[in-house]
Number of protein chains: 2
Amino acid sequence: MEIEETIALLKSRGYRITPQRVAILRILKDNTNHPGVEDVFRSVIKIYPNISMATVYNVMEVLEREGIIKEIAVSNVSRRYDPDVNPHGHFICRVCEKVFDVSFSNMRSLGKYSPRELDEFVIESLELIYRGVCKDCKDKT
Amino acid sequence: MEIEETIALLKSRGYRITPQRVAILRILKDNTNHPGVEDVFRSVIKIYPNISMATVYNVMEVLEREGIIKEIAVSNVSRRYDPDVNPHGHFICRVCEKVFDVSFSNMRSLGKYSPRELDEFVIESLELIYRGVCKDCKDKT
DNA sequence: CTGTCTGCAAACCATTTGCAATCGT
DNA sequence: ACGATTGCAAATGGTTTGCAGACAG
């Protein structure tokens, strides 16, 4: 999606188009480095030397909420542990925050879990995460 | 793996078998709740009222390092963002911490990404994470 | 104008660190 | 006895919050 389109989308949803937001959009556009908040901050501060981290957090949150960017679970510092170390997936319910196991064998073949692109990489572990709403929480609505 | 076996394994690798470690092992054994450090702490403090969070962190780290438990990326509070919101996977290099994109189409069919187990669940997003060592870092060794 | 957004500073809070006392081997 | 481990307290650092002033619409 073009920057202009994204801006129009945000505007149509009632967001104000501030220069800081535009700057961050430009920084993110076609960025393949999976930047963190700090990375974005370091880029945008060159253009707006007074911008604060709080604003970057705020903008990232808006963009994520509107589906313009996606948070990825890179963090090593996660908070949950699984005593089952066999490869399997997880479903995380956005409402109750419960974590459900999803066995690989029940998935329509994840194959040998080694995509061509990673041919020369050493794959040490694989994690598959579904997010959404679990049956119980869905039924309660 | 039985508790006794796990203890033997740890011992054989030079770790000391403290009652705190045994208690945490018991708590984790067959635990399907994907507990966080806080959860483990709340359980173990009933047995050892003086145990500290630092010890729980320490024990969890040991167990993870020895492959007895696995950290999972549940955290909503992640640190990296992707401007590409189309479903695709990521490879995270443990050495340089770079994040590489892995396209779904290049993977040997992840299928419609809806396992039978989740039939009644609302799947809103899917994340696939490979961890290991990337080509560049491997070559530098 | 009006209400949203920014930027600053302080608060938060999960995790980490330093260290003396304790305990497993 | 020796060195690893614990538990306490303090430090850390990323993220969040509160709020007054700035600014987009």
Side-chain angles (χ1 to χ4, degrees), chain A residues 3-4 6-25 27 34-66 68-69 71-81 97, chain B residues 3-4 6-25 27 34-66 68-69 71-81 97:
Chain A
I3 297 269
E4 301 312 325
T6 307
I7 289 174
L9 176 80
L10 287 174
K11 189 176 276 186
S12 76
R13 293 190 185 166
Y15 292 99
R16 295 195 171 166
I17 307 309
T18 66
Q20 292 89 339
R21 285 178 176 173
V22 174
I24 290 176
L25 277 177
I27 286 161
H34 306 82
V37 174
E38 184 68 36
D39 300 314
V40 174
F41 179 72
R42 274 200 298 274
S43 296
V44 77
I45 205 172
K46 291 176 192 156
I47 312 171
Y48 294 100
N50 291 323
I51 199 170
S52 75
M53 284 294 287
T55 298
V56 179
Y57 275 104
N58 162 7
V59 175
M60 300 307 275
E61 190 193 315
V62 167
L63 299 183
E64 220 252 321
R65 185 163 59 238
E66 299 307 325
I68 292 154
I69 60 177
E71 250 186 54
I72 57 178
V74 168
S75 160
N76 294 320
V77 188
S78 64
R79 296 167 177 70
R80 306 283 281 264
Y81 293 88
E97 296 192 308
Chain B
I3 297 269
E4 301 312 325
T6 306
I7 290 174
L9 176 80
L10 287 173
K11 189 177 273 185
S12 76
R13 293 189 186 167
Y15 293 99
R16 295 194 171 168
I17 308 308
T18 66
Q20 292 89 339
R21 284 178 178 172
V22 175
I24 290 177
L25 277 176
I27 286 161
H34 306 82
V37 174
E38 185 67 35
D39 300 314
V40 174
F41 179 73
R42 274 200 299 272
S43 295
V44 76
I45 205 169
K46 291 175 192 160
I47 312 172
Y48 295 100
N50 290 323
I51 199 170
S52 73
M53 284 295 288
T55 298
V56 178
Y57 275 106
N58 162 4
V59 175
M60 300 305 276
E61 189 193 316
V62 167
L63 299 183
E64 220 252 321
R65 184 164 60 238
E66 299 307 326
I68 293 157
I69 59 176
E71 252 187 50
I72 58 177
V74 169
S75 159
N76 295 318
V77 188
S78 64
R79 295 168 177 69
R80 306 282 282 262
Y81 293 87
E97 296 190 306

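Closest approach of A:Glu71 and A:Glu64 over heavy atoms only: N-OE2, 3.7 Å. When all heavy atoms of B:Arg21 and B:Arg16 are compared, the closest pair comes out as NH1-O, 3.1 Å. Minimum heavy-atom separation, A:Phe41 to A:Ser52: CE1-C, 3.8 Å.
Going from atom CD1 of B:Ile45 over to atom P of D:dT6 covers 15 Å, rounded to whole Å. In this entry the distance linking CZ of B:Arg42 with C1' of C:dA14 reads 14 Å, nearest Å. Distance B:Ile7 CD1 to C:dT25 C1': 15 Å, rounded to the nearest Å. As rounded to whole Å, 11 Å separates atom P of D:dG14 from atom CG of A:Asp39.
Near DNA chain D, meaning a heavy atom under 4.0 Å from it, residues 11-20 of chain B has B:Tyr15, B:Arg16, B:Thr18, B:Gln20 in order of number. Contacts between residues 47-64 of chain A and DNA chain C, defined by a heavy-atom separation below 4.0 Å, involve A:Asn50, A:Ile51, A:Ser52, A:Ala54, A:Thr55, A:Asn58, listed by number.
Of the residues listed (A:Asp39, A:Val40, A:Ile27), the one engaging A:Val56 in a side chain to side chain contact (heavy atoms under 4.5 Å, CB included) is A:Val40, and it is the only one.
OP1 and OP2 of C:dG24 both lie 4.0 Å or more from every side-chain N or O belonging to B:Arg21.
Residue A:Ile45 holds its CD1 atom at 8.0 Å from CD1 of A:Ile51, rounded to the nearest 0.5 Å.
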Checklist entry - Under the side-chain contact (heavy atoms from CB on, under 4.5 Å) criterion, do A:Asn58 and A:Gln20 qualify, and how do the steps go? => result CA-CA 11 Å; A:Asn58 162 7; A:Gln20 292 89 339; over 6 Å; no

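A:Leu63 is linked by a side-chain contact (heavy atoms from CB on, under 4.5 Å) to A:Leu10, A:Ile24, A:Leu25, A:Leu28, A:Val59, A:Ile68, A:Ile69, counting only residues two or more places apart in sequence or in another chain.
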